[in-house]
Amino acid sequence: MALRPKGRRGYAAGALALTAVLALTACGSETGSSSGGTTSASASAAGGVKLVQPGKLTVCTNIPYEPFQFKDSSGKIVGFDVDIVDLAAKKLGVTQNIVDIDFAVIKSGAAMAAGKCDVAAAGMTITDERKQNIDFSEPYFDATQALLAKKGTGATSLEDVKAKGLKLGAQASTTGLEYVKKNGFDPTEYADSAKELLALQAGQADVIIQDLPVVLTWLKKPDVAAKFELIGSLDTGEQYGIGLKKGSDPTLLKTINDEIAKAKQDGTYEQIYVKWFGKKPGELG
């Protein structure tokens with residue numbers, strides 16, 4: 001969910017510009033409601049790490065983004081990213097508290113800068129531009145983009161989409177959007193992945209670009225598989241990372257990196273991967 005942007009945005013400027021947005025967009029959490037006024041001044045320490053809410057590792061994300069983070073039938077926020085962050089939360093002896101906000105606020109670094117969360121886990125691609133405003137963990141997921149189209153278009157590539165004059169849609173603020181723009185497209189933008197899929201189903205778009213795991217999850221649903229098909233994948237070389245406030249507590253970053261590395265070594269990562277994708281790492285696609 002992100003790309004290789006071009007322009008640089010100041011860290012402090014981004015935080016100030018989006019403070020009002022943050023106050024309006026922060027909403028429910030998995031383990032309890034988050035307090036919009038919580039800042040580092042009221043932080044507590046867990047395992048030597050200062051947290052914005054006592055006893056909680058507060059995580060900013062953008063829902064829905066199945067299978068990375070979404071609400072299950074009971075309303076609980078679950079997903080691959082949730083399980084990965086839980087590894088660090090358990091190591092710190094705290095619970096994970098999830099805050100759902102706009103992805104643009106997350107990718108700019110403003111969410112962490114304003115003290116809305118300790119980390120961000122939102123299927124977020126590590127990019128050079130984002131590194132100007134966010135500290136990233138080591139990569140925890142290799143991502144690929146995909147094209148989902150209504151059946152019968154005859155298209156099998158972006159070149160076909162252009163040649164056939166098909167309407168293209170993309171999720172706003174993502175690497176998929178940036179990728180197609182770099183390739184000469186001017187797609188219709190949708191606020192989140194759910195709205196993007198709805199646009200395809202409503203005929204507002206003929207083809208949409210989205211992360212491959214998200215597309216494959218959609219295609220597991222009979223109503224989607226009956227009318228739409230995967231027409232191509234795009235190996236963009238992206239990797240997801242957990243985001244932290246720029247210049248954040250090195251202990252928190254180290255804890256996250258250590259737990260990701262440990263999980264990959266002891267088989268926990270593979271178990272989580274198979275749980276959400278039905279395949280082992282390297283077999284997706």
Side-chain angles (χ1 to χ4, degrees), residues 1-7 9 14 17-18 21 24-25 27 61-71 100-108 110-111 122-125 127 129-130 143-221 223-238 240:
M1 192 192 284
L3 210 145
R4 303 176 177 83
K6 300 174 183 177
R9 297 173 62 184
L18 288 168
V21 177
L24 294 174
T25 56
C27 59
T61 194
N62 181 238
I63 300 168
Y65 205 64
E66 190 175 357
F68 294 96
Q69 57 279 127
F70 62 102
K71 289 183 179 180
D100 179 19
I101 64 174
D102 189 81
F103 185 67
V105 181
I106 296 174
K107 76 164 191 171
S108 70
M124 182 163 57
T125 300
T127 70
E129 183 190 35
R130 291 174 185 173
T144 300
Q145 296 289 330
L147 298 174
L148 182 67
K150 62 181 181 181
K151 289 184 176 180
T153 63
T156 60
S157 66
L158 275 176
E159 289 75 15
D160 288 344
V161 172
K162 181 176 290 185
K164 292 175 178 292
L166 299 175
K167 294 177 291 185
L168 181 64
Q171 183 179 347
S173 302
T174 65
T175 48
L177 172 65
E178 291 297 324
Y179 184 86
V180 294
K181 281 187 172 181
K182 285 182 178 180
N183 282 275
F185 289 86
D186 184 22
T188 301
E189 298 181 29
Y190 301 97
D192 56 44
S193 60
K195 290 183 175 64
E196 183 185 22
L197 178 59
L198 283 173
L200 181 66
Q201 293 172 315
Q204 296 172 8
D206 300 313
V207 183
I208 58 175
I209 184 170
Q210 184 52 261
D211 285 10
L212 177 61
V214 178
V215 170
L216 293 177
T217 299
W218 285 338
L219 287 171
K220 291 178 181 178
K221 302 173 181 179
D223 61 325
V224 176
K227 298 180 180 180
F228 305 98
E229 61 184 343
L230 176 68
I231 64 168
S233 60
L234 309 166
D235 187 1
T236 52
E238 299 173 53
Y240 291 169

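Predicted model, so just to flag it, every value in this text is computed and none were measured. All residue numbers refer to positions in the sequence shown, counting from 1.
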Side chain to side chain contact (heavy atoms under 4.5 Å, CB included) against K162, all qualifying residues, sequence neighbours excluded: F185

Residues forming a ring-ring contact (aromatic ring centres under 6.0 Å, His included) with F70, sequence neighbours excluded: W276

Minimum side-chain heavy-atom gap T188-Q204 below 4.5 Å: no

K151 NZ: over 12 foreign heavy atoms closer than 6.0 Å: yes

Side chains of Q201 and D223 in contact at under 4.5 Å (non-hydrogen atoms): yes

Residues, nucleotides or ligands: over 12 heavy atoms within 6.0 Å of K167 NZ: yes

T61 side chain to Q69 side chain, donor-acceptor N/O pair below 3.5 angstrom: yes

K220 with E66: basic N within carboxylate O range, under 4.0 Å: no

Minimal non-hydrogen separation, L177 against A172, with atom names: CD2-CA, 4.0 Å

Shortest non-hydrogen contact from D160 toward G154: OD2-O, 4.1 Å

Note, V224 side chain near L200 side chain (heavy atom, < 4.5 Å): no

Side chain proximity check, Q171 to Y65, heavy atoms < 4.5 angstrom: yes

Student check: side-chain heavy atoms of L148 and L219 closer than 4.5 Å: yes

Side-chain heavy-atom pair L234, I209 within 4.5 angstrom cut-off: yes

Non-hydrogen atoms of E229 and K150 that approach each other most closely: OE2-O, 4.2 Å

Nearest heavy-atom neighbours spanning W218 and Q210: CH2-CG, 3.8 Å

Within-4.5 Å side-chain heavy-atom neighbours: I208 and L168: no

Any side-chain heavy-atom pair of L158 and Y179 under 4.5 Å: yes

